[in-house]
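One structure below.
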Amino acid sequence: MPSIPSFYAPDEIKYHGHGSQRGKTKINFVEVVESTSTRDTSNCEDGWKHPPGCSNEDPKFPCTYSAKWRYIPNIDSLQFTIQSRKSQRWTGIGFGDSPTMRNSDAILGWVTAAGRFFIMDAFMPSYVSPVLDATQVCLISEY
């Protein structure tokens, strides 16, 4: 059980940092938004970053964590790019509808001091350490 019961809410992505490192945003992946703009929908992408207002292109205020996603229509897939400035630690992204991340899917990864990377597809049955999925569906497109 989380120490702050109201911390989790439906349709949120949260950075699980500590104290002032925490951030959140609500994203509805299935909501249809009517738009009058002529935006190119073949390039469907978005993202989330922490702290708010940071930029990985700005060396004075770089992001501690960022998650970007892009829909690739010709193969009907999503591509995620997760970045973290916290070396020697794991990072990842989780998907679920439970406030405690019970029965959620997650992609976790880390890079060793020698530069070797590890990525794993995992399942979180409850608010405990994730369990490695029997079938790994992570495709590494670039590193």
Side-chain angles (χ1 to χ4, degrees), residues 2 4 6-143:
I4 305 171
S6 62
F7 179 70
Y8 298 98
D11 296 323
E12 284 188 325
I13 293 179
K14 289 194 177 188
Y15 165 67
H16 286 271
H18 298 282
S20 65
Q21 297 174 342
R22 288 188 185 235
K24 68 178 183 176
T25 191
K26 287 190 173 200
I27 300 169
N28 187 334
F29 288 102
V30 295
E31 178 182 21
V32 176
V33 178
E34 297 296 326
S35 174
T36 58
S37 73
T38 57
R39 190 171 126 185
D40 180 8
T41 57
S42 65
N43 188 20
C44 181
E45 58 186 70
D46 207 344
W48 182 86
K49 55 190 176 181
H50 182 76
C54 69
S55 171
N56 285 329
E57 287 76 39
D58 181 356
K60 294 180 183 175
F61 192 48
C63 300
T64 302
Y65 178 88
S66 67
K68 296 178 186 177
W69 48 91
R70 178 173 69 101
Y71 176 64
I72 306 170
N74 59 330
I75 59 172
D76 193 30
S77 293
L78 287 173
Q79 177 186 40
F80 286 86
T81 302
I82 309 298
Q83 294 178 312
S84 174
R85 295 204 178 270
K86 300 290 184 181
S87 61
Q88 308 295 324
R89 294 184 181 187
W90 64 270
T91 191
I93 192 165
F95 305 92
D97 58 8
S98 167
T100 60
M101 297 300 289
R102 180 183 306 271
N103 296 324
S104 298
D105 201 19
I107 304 295
L108 306 170
W110 62 95
V111 179
T112 67
R116 186 170 177 200
F117 66 91
F118 294 89
I119 295 179
M120 63 187 246
D121 182 2
F123 178 75
M124 297 181 299
S126 63
Y127 199 69
V128 296
S129 297
V131 178
L132 189 67
D133 279 352
T135 304
Q136 296 292 294
V137 294
C138 301
L139 300 174
I140 301 167
S141 60
E142 58 184 78
Y143 172 67

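Judged by distance alone, the side chain of K49 and the main-chain N or O of C54 form a donor-acceptor pair under 3.5 Å. A donor-acceptor pair under 3.5 Å is formed between the side chain of Y65 and the backbone N or O of G92. Under the 3.5 Å distance criterion, the side-chain polar atoms of Q136 are matched with a main-chain donor or acceptor of D121.
Every pair tested for disulfide (SG to SG under 2.5 Å) that includes a residue from residues 91-120 fails, sequence neighbours excluded, so the list is empty.
Here D58 pairs with S55, K60, F61 under the side-chain contact (heavy atoms from CB on, under 4.5 Å) rule; sequence neighbours left out. Checked against side-chain hydrogen bond (donor to acceptor under 3.5 Å, both in side chains), D76 has the following partners two or more places apart in sequence or in another chain: Y71. Not counting sequence neighbours, the partners of D46 by the side-chain contact (heavy atoms from CB on, under 4.5 Å) test are W69. Evaluation of the side-chain hydrogen bond (donor to acceptor under 3.5 Å, both in side chains) rule for Q83 yields N56, S66 as partners, not counting sequence neighbours. For N103, the side-chain contact (heavy atoms from CB on, under 4.5 Å) criterion is met by F123, not counting sequence neighbours.
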Could you go through the side chain to side chain contact (heavy atoms under 4.5 Å, CB included) check for F80 and I93 one step at a time?
CA-CA 9 Å; F80 286 86; I93 192 165; 4.0 Å; yes

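When F117, F118, W90 are each tested for a ring pair (Phe, Tyr, Trp, His ring centres under 6.0 Å) with W110, only one passes: F118.
When all heavy atoms are compared, the tightest approach of P51 to C63 is CD-CA, 4.3 Å.
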